[in-house]
Amino acid sequence: MQKGQVVKLDRGYPLVRMEDGRLVRCEQAAALLKGSQVRAVVGDVVEATVPDGHDKGIIESIAPRSRAFVRKDPTERAVPQVLAANFDRVIVAQPLADVNVRRLERELVLAYETGATVTVVLTKADLAESEEHVAEVRERVSALVGSDVQTLVVSENDLSSVEAVRALVPPNTTAVLIGKSGVGKSSMVNMLVGEDIQDTTPVRNRDGKGRHTTVSREMVAIPQGGWIVDMPGVRGLGMWEADAGIGAAFADVEALAERCRFRDCRHENEPGCAVRAAVEAGSIAPERIASYRVLKQETEEVRERREEARRMRGEKASDVRKKPIRKGKPRRKR
């Protein structure tokens with residue numbers, strides 16, 4: 001049995017880079033599939049055997065993960081789906097000319113939830129109307145993500161911008177690259193590697209958008225650097241145990257909520273609501289509060305469905321993370 005790491009996941013069969021450097025296509029051991037809900041994903045450290053006369057290796061065990069990128073499985077009511085494991089940074093890609101703020105907020109929540117360092121990269125800056133437009137969008141996105149998150153702009157016509165992204169992935173580190181289909185992830189990977197290893201398609205003239213090209217999750221080696229996991233464009237970004245991620249992505253809202261009169265304030269019509277007061281004063285956008293409410297509600301609904309499923313199976317309820325009680329604040333009477 002040898003140790004290895006899953007470097008690609010394509011059609012359900014992990015490709016494992018063994019300790020001796022071999023690349024072996026593997027299947028998961030029947031005992032592993034039967035006894036656990038864990039499935040090997042890109043980045044996982046595994047133990048595998050390669051039986052004589054067998055056309056595939058067999059993954060016998062998966063090492064505990066240092067962190068994982070998790071979303072709610074889009075095909076199930078309350079099941080998590082792990083997309084990648086054991087990485088150091090999450091890079092969120094958004095096209096500079098067409099930033100989707102609502103999606104960016106959701107991506108940031110999931111990225112923060114992993115516990116990894118988070119960076120936003122604005123792609124396709126060469127399509128921007130002007131330098132002033134680039135600066136304006138970068139400033140707007142920087143204000144949204146906060147001072148703790150670096151915001152970079154990358155353009156294929158500016159080698160220094162590519163080097164700035166490459167510096168995010170030094171040797172012996174791994175970064176996960178996420179973003180919707182067509183935002184330029186594959187093109188950015190090609191620029192980081194220095195050659196066209198990922199298929200790309202030209203952007204459409206009418207709207208500057210690309211088309212989906214990456215179909216498998218894969219770890220790509222960056223020359224003189226670490227590894228980057230190029231993930232297919234993810235349409236569904238359902239929340240899964242995202243309380244910490246929401247708290248980080250919406251730190252401004254949560255800080256305001258601490259000043260509400262009632263600790264269970266829903267920020268709707270309650271008296272003494274600091275969040276609503278900030279909206280009325282124009283210091284925070286109502287759309288941002290709307291996104292915050294949607295994500296909080298979605299996370300709570302997933303939690304309730306998960307607990308209901310546990311009860312149906314006759315299992316004990318899990319420990320639900322509760323919001324810390326704010327001392328000195330009365331609970332609103334119902």
Side-chain angles (χ1 to χ4, degrees), residues 5-9 15 17 21 23 42-43 66-67 69 83-97 99 104 107-108 110-112 114-128 131 134-135 137-139 141-142 145-203 210 213-214 216-234:
Q5 186 175 33
V6 178
V7 296
K8 187 174 183 178
L9 192 62
L15 183 65
R17 185 178 66 247
L23 292 174
V42 171
S66 61
R67 57 176 52 95
F69 190 94
L83 301 182
N86 303 321
F87 47 88
D88 306 280
R89 183 184 298 272
V90 177
I91 298 176
V92 180
Q94 281 270 348
L96 184 140
V99 173
L104 176 57
E107 289 169 334
L108 287 171
L110 294 178
Y112 279 125
T114 69
T117 303
V118 180
T119 304
V120 174
V121 174
L122 301 174
T123 63
K124 303 182 180 182
D126 48 299
L127 299 179
E131 289 298 323
V134 171
V137 173
R138 180 174 183 172
E139 183 177 349
V141 171
S142 295
V145 303
S147 58
D148 293 336
V149 176
Q150 187 178 14
T151 302
L152 300 178
V153 174
V154 65
S155 169
E156 61 181 354
N157 300 324
D158 182 0
L159 294 180
S160 64
S161 71
V162 178
E163 290 302 317
V165 177
R166 183 179 285 118
L168 299 174
V169 197
N172 302 315
T173 68
T174 300
V176 170
L177 176 60
I178 68 170
K180 192 176 180 180
S181 298
V183 302
K185 299 189 304 296
S186 295
S187 296
M188 186 162 66
V189 170
N190 289 340
M191 287 187 282
L192 294 174
V193 174
E195 58 180 298
D196 292 340
I197 63 169
Q198 300 288 76
D199 292 334
T200 61
T201 54
V203 297
T213 51
T214 304
S216 62
R217 292 188 283 279
E218 180 179 5
M219 289 179 67
V220 178
I222 299 176
Q224 290 81 51
W227 299 82
I228 189 162
V229 180
D230 184 16
M231 304 233 285
V234 180

(request) Output the distance between atom CD (Gln94) and atom NZ (Lys185), rounded to the nearest 0.5 Å. (result) 10.5 Å
(message) Determine whether Leu108 and Val145 satisfy the following criterion, side chain to side chain contact (heavy atoms under 4.5 Å, CB included), listing intermediate values before the conclusion.
(response) CA-CA 8 Å; Leu108 287 171; Val145 303; 3.5 Å; yes
(message) Name the residue from Thr119, Thr114, Thr117 that meets the side chain to side chain donor-acceptor pair (under 3.5 Å) definition with Arg89.
(response) Thr119
(request) Would you check if the side chain of Thr173 reaches a backbone N or O of Pro170 as a donor-acceptor pair within less than 3.5 Å? (result) yes
(message) To the nearest 0.5 Å, what is the distance between CE on Met188 and OG1 on Thr123?
(response) 7.0 Å
(request) Give a yes or no answer on whether the side chain of Arg166 reaches the backbone of Met191 with a donor-acceptor pair at less than 3.5 Å. (result) yes
(message) Is it the case that atom CD in Glu163 sees more than 12 heavy atoms from other parts of the structure closer than 6.0 Å?
(response) yes
(request) Any chance you could measure Leu83, atom CG, to Arg217, atom CZ, to the nearest 0.5 Å? (result) 5.0 Å
(message) Is it the case that the side chains of Asn86 and Ser66 hold a donor-acceptor pair, with the cut-off being a distance below 3.5 Å and no angle test?
(response) yes
(request) Could you walk me through whether Leu168 and Gln150 pass side chain to side chain contact (heavy atoms under 4.5 Å, CB included), step by step? (result) CA-CA 10 Å; Leu168 299 174; Gln150 187 178 14; 3.6 Å; yes
(request) Rounded to the nearest 0.5 Å, what's the gap from CD on Gln5 to CH2 on Trp227? Could you check? (result) 7.5 Å
(request) Nearest 0.5 Å please: distance from the CD1 atom of Ile91 over to the CD atom of Glu107. (result) 13.0 Å
(request) Show your reasoning for whether side chain to side chain contact (heavy atoms under 4.5 Å, CB included) applies to Phe87 and Val229. (result) CA-CA 9 Å; Phe87 47 88; Val229 180; 5.8 Å; no
(request) Give the minimum heavy-atom separation between Ser161 and Ser155, together with the two atoms involved. (result) OG-N, 3.0 Å
(request) Please report the shortest heavy-atom distance between Leu192 and Pro223, naming the atom on each side. (result) O-CD, 4.0 Å
(request) Give a yes or no on whether the backbone of Ser186 and the side-chain of Asp230 come within a donor-acceptor separation of less than 3.5 Å. (result) no
(message) Around atom CG of Asn157, are there more than 12 heavy atoms from other residues, nucleotides or ligands closer than 6.0 Å?
(response) yes
(request) Specify the closest pair of heavy atoms between Leu104 and Val120, including all atoms of both residues, with the distance to one decimal. (result) CD1-CG2, 4.3 Å
(request) Of all the heavy-atom pairs spanning Leu96 and Val137, show the shortest one and how long it is. (result) O-CG1, 3.6 Å
